[in-house]
Q: 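Quick one: the structure is below, questions incoming.
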There are 2 protein chains.
Amino acid sequence: MKGLTSRQAEILEFINRFIKNNGYSPSMEDIRIFFGFRSPNAVTCHLRSLINKGYLSKEISKARALRLKFSSSGYGIPVLGKIAAGRPVLIEDFSEGFLFSQEEMKGVFALKVKGDSMKDAHIYDGDYVIVKKNVDINNGDIVAAIVEEEATVKYFRRIKNKVFLIPANPSYKSIEIKENFILGKVTGVLRKL
Amino acid sequence: MKGLTSRQAEILEFINRFIKNNGYSPSMEDIRIFFGFRSPNAVTCHLRSLINKGYLSKEISKARALRLKFSSSGYGIPVLGKIAAGRPVLIEDFSEGFLFSQEEMKGVFALKVKGDSMKDAHIYDGDYVIVKKNVDINNGDIVAAIVEEEATVKYFRRIKNKVFLIPANPSYKSIEIKENFILGKVTGVLRKL
DNA sequence: TATTATACTGTATTTTTATACAGTAGTCAA
DNA sequence: TTGACTACTGTATAAAAATACAGTATAATA
């Protein structure tokens with residue numbers, strides 16, 4: 001993660017505070033007025049920098065749609081790298097990033113797996129698959145799709161113009177479906193113990 | 001606090017989910033499209049009702065500036081139950097709760113698994129184990145512990161006053177450790193795809 | 001039975017907001 | 001000393017989004 005200039009840090013801080021105080025994102029105009037810029041482009045440029053450096057994301061042309069990537073409310077599960085034997089282990093130490101950060105959770109839902117049609121891909125009955133919508137899907141990816149009014153999880157394979165769902169268990173058959181019945185790409189598997 | 005009609009409740013619920021999924025408020029247009037209203041005024045009227053009844057506030061003429069007065073704390077990944085085959089599936093439908101709600105994330109960290117010592121428990125190299133600190137541990141639970149300055153994941157077994165870590169792979173040996181080297185209980189396994 | 005609230009359609013207009021593009025000026029590093 | 005990055009000015013335009021106003025139909029309430 002790249003460092004911020006002091007001006008960029010001020011602007012990020014303003015956005016952070018604004019969201020906390022108001023419950024919604026500031027508009028670029030709000031930022032412009034607060035900092036006294038005479039041009040809206042000053043804000044545009046600063047936001048671009050913050051986005052490029054990975055501190056912020058926004059939706060193009062959408063009003064008040066800024067999203068902080070590292071909100072101080074700190075969602076997510078920290079992944080520990082090295083663990084000091086000294087103890088006690090502090091989550092704050094040696095973090096190697098976060099699972100399920102706000103960014104990762106965007107456009108994501110989960111389905112509970114029934115049956116063993118994906119057991120050879122190590123997805124078992126009772127597991128949850130984590131599905132991300134609106135992402136590119138390639139042959140060999142695991143996808144969630146609707147088949148006969150039910151959600152199902154299978155390998156994705158496109159052959160010419162046809163789309164097939166292929167189970168990871170030889171006792172089940174492949175089926176052909178229409179592409180718009182694909183719900184999304186399976187980006188993770190979670191098993192609760 | 002006044003009661004909501006079912007339609008109003010649906011709209012409030014949509015706003016709630018939208019903010020959680022996207023990090024910013026929906027526009028009235030977003031709401032209109034989701035519910036299939038042909039007139040923007042349908043949204044205006046519903047929002048007015050929700051505001052009058054005290055469930056919502058908004059700033060006049062500001063885009064995406066809805067604020068929930070009673071935000072339900074359940075952050076996380078919504079688990080979908082039934083899925084309607086007819087329309088594009090929206091995360092907002094039929095949630096059966098959340099994975100990784102704020103409550104579930106308390107005192108939780110993750111470790112990346114190296115090696116295949118737990119493969120018979122379906123925990124593989126590269127998986128993440130989700131570890132909860134300060135919870136009761138019983139025989140047969142999977143735990144994370146520090147062994148020789150490294151984090152490791154094994155079955156837990158207490159025999160009389162001794163604590164053993166038992167791998168789920170017969171080619172590895174059990175080891176005895178001191179109880180205070182246990183980091184926590186493994187409550188989940190996540191595999192990123 | 002008149003009144004009020006819900007739940008919308010439909011069109012038009014205004015306001016807000018974001019973006020595009022053309023510049024200026026300073027700093028810092030190669 | 002050229003080029004890249006930061007930090008803006010200034011004007012213009014496009015787009016997104018909210019609002020205004022005139023209706024319709026139905027069910028519940030007094």
Side-chain angles (χ1 to χ4, degrees), chain A residues 1-19 21-69 106 134, chain B residues 1-19 21-69 87 92:
Chain A
M1 187 63 49
K2 285 175 193 167
L4 294 176
T5 67
S6 60
R7 200 58 164 158
Q8 287 163 2
E10 283 182 72
I11 286 163
L12 192 65
E13 179 62 14
F14 171 76
I15 295 167
N16 211 327
R17 288 237 188 89
F18 190 103
I19 291 174
N21 293 334
N22 298 289
Y24 51 83
S25 170
S27 67
M28 292 167 71
E29 182 67 2
D30 292 335
I31 299 170
R32 190 189 68 75
I33 288 167
F34 182 85
F35 287 95
F37 302 144
R38 297 195 190 159
S39 166
N41 195 42
V43 182
T44 306
C45 293
H46 280 304
L47 292 189
R48 188 165 38 227
S49 303
L50 288 168
I51 290 163
N52 286 340
K53 291 181 178 181
Y55 289 86
L56 199 67
S57 69
K58 80 187 284 289
E59 308 278 325
I60 49 165
S61 282
K62 282 191 180 176
R64 298 183 185 276
L66 300 176
R67 189 168 37 216
L68 295 163
K69 293 240 185 166
K106 189 196 151 199
N134 307 321
Chain B
M1 186 64 49
K2 286 175 193 168
L4 294 175
T5 67
S6 60
R7 200 58 164 157
Q8 288 164 0
E10 283 182 72
I11 286 164
L12 191 66
E13 181 62 11
F14 171 77
I15 295 166
N16 208 328
R17 291 268 164 72
F18 189 102
I19 292 174
N21 291 332
N22 299 288
Y24 50 83
S25 171
S27 66
M28 292 166 71
E29 182 68 0
D30 291 334
I31 299 169
R32 189 189 67 75
I33 289 168
F34 180 83
F35 287 95
F37 301 143
R38 296 198 191 157
S39 166
N41 195 42
V43 182
T44 305
C45 293
H46 280 304
L47 292 188
R48 188 165 39 227
S49 303
L50 288 168
I51 291 163
N52 286 340
K53 291 182 178 179
Y55 288 87
L56 200 67
S57 68
K58 81 185 283 290
E59 309 277 326
I60 49 166
S61 281
K62 281 191 180 176
R64 297 183 186 279
L66 300 177
R67 191 170 33 214
L68 294 163
K69 295 254 179 152
R87 54 200 163 113
E92 292 75 17

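A, B, ... follow the sequence lines: proteins, then strands. Residue 1 opens every chain. Since the structure is predicted, the reported quantities are computational estimates derived from the model, not experimental observations. Note: hydrogens, waters and symmetry copies are ignored here, and every other heavy atom, side chains too, is used.
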Q: With side chains defined as the heavy atoms from C-beta onward, is the minimum distance between A:Lys62 and B:Tyr24 less than 4.5 Å?
A: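 Result yes, sub-4.5 Å side-chain heavy-atom pair found.
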
Q: Base, sugar-phosphate, or nothing: which does A:Ala63 touch, judged by heavy atoms less than 4.0 Å apart?
A: sugar-phosphate

Q: Measure the distance from CD on A:Glu59 to P on D:dA15 and round it to the nearest whole Å.
A: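 Result: 18 Å.
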
Q: Looking at B:Phe37, is its backbone amide N or carbonyl O close enough to the side chain of B:Arg32 to form a donor-acceptor pair, meaning the two atoms are under 3.5 Å apart?
A: yes

Q: Both B:Cys45 and B:Ala65 contact DNA chain D. Taking the nearest nucleotide for each, which residue is further toward the 5' end?
A: B:Ala65

Q: Could you check whether A:Phe18 and A:Phe34 have their ring centres less than 6.0 Å apart?
A: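 They do not qualify: ring centres at least 6.0 Å apart.
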
Q: So, does A:Lys53 get its side chain near the phosphate of D:dC5, meaning an N or O under 4.0 Å from OP1 or OP2?
A: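 A:Lys53 to D:dC5 OP1/OP2: no side-chain N or O under 4.0 Å.
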
Q: C:dT19 phosphate, OP1 or OP2: any side-chain N/O from A:Lys58 under 4.0 angstrom?
A: yes

Q: Looking at B:Arg64, does any N or O in its side chain come under 4.0 Å of the phosphate oxygens OP1/OP2 on D:dA17?
A: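 So the side-chain polar atoms of B:Arg64 do come within 4.0 Å of the phosphate oxygens OP1 or OP2 of D:dA17, strictly under.
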
Q: Looking only at side-chain N and O atoms, does B:Asp30 offer a donor or acceptor that is under 3.5 Å from a partner on B:Ser27?
A: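 Yes - a donor-acceptor pair under 3.5 Å links their side chains.
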
Q: Could you tell me which non-hydrogen atom of A:Pro26 sits nearest to which non-hydrogen atom of A:Ile19, and how far apart they are?
A: CD-CG1, 4.1 Å

Q: Check the phosphate of C:dT6 against B:His46, side-chain N and O only, distance under 4.0 Å to OP1 or OP2. Yes or no?
A: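 No, because none of the side-chain N or O atoms of B:His46 sits under 4.0 Å from OP1 or OP2 of C:dT6.
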
Q: Distance check needed: D:dG23 C1' versus B:Arg38 CZ, whole Å only.
A: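 After rounding, the gap between these two atoms is 16 Å.
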
Q: Side-chain contact, heavy-atom cut-off 4.5 Å: B:Leu56 with B:Ile11?
A: no

Q: Using whole Å, report how far CZ of A:Arg48 lies from P of D:dT6.
A: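 Between P of D:dT6 and CZ of A:Arg48: 11 Å.
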
Q: At less than 4.0 Å, is any side-chain N or O atom of B:Arg7 found next to OP1 or OP2 of C:dC8? Yes or no.
A: yes

Q: If you check the A:Ala42 side chain, which of C:dT19, C:dC8, D:dT9 turns out closest?
A: D:dT9

Q: Once you round it to whole Å, what is the distance between P of D:dA17 and OH of A:Tyr24?
A: 16 Å

Q: Rounded to the Å, how far apart are A:Arg32 CZ and D:dT11 C1'?
A: 13 Å

Q: If I take atom CD1 in residue B:Ile31 and atom P in nucleotide D:dT19, what distance separates them, rounded to the nearest angstrom?
A: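 Spelled out: CD1 on B:Ile31 to P on D:dT19 is 11 Å.
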
Q: Closest approach to the side chain of B:Ser27, judged atom by atom: which nucleotide of D:dA17, D:dT9, D:dT6 is it?
A: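 From the listed options, D:dA17 comes nearest.
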
Q: Please state whether the base of D:dT9 and the side chain of A:Asn41 form at least one donor-acceptor pair under 3.5 Å?
A: yes

Q: For the pair made of CZ in B:Phe37 and C1' in C:dT6, what is the distance, rounded to whole Å?
A: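 After rounding, the gap between these two atoms is 11 Å.
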
Q: Nearest of D:dC8, D:dA7, D:dT19 to any side-chain atom of A:Gln8?
A: D:dA7

Q: Taking the minimum atom-to-atom distance to the side chain of B:Pro40, which one of C:dA12, C:dT17, D:dA17 wins?
A: C:dA12

Q: Can you check the A:Met28 CE to C:dT19 C1' distance for me, whole Å?
A: 7 Å

Q: Please check the phosphate of C:dA7 (OP1 and OP2 only) for any side-chain N or O of B:Thr5 closer than 4.0 Å.
A: yes

Q: Give one of base, sugar-phosphate or nothing for A:Ser61, where a contact means two heavy atoms less than 4.0 Å apart.
A: sugar-phosphate

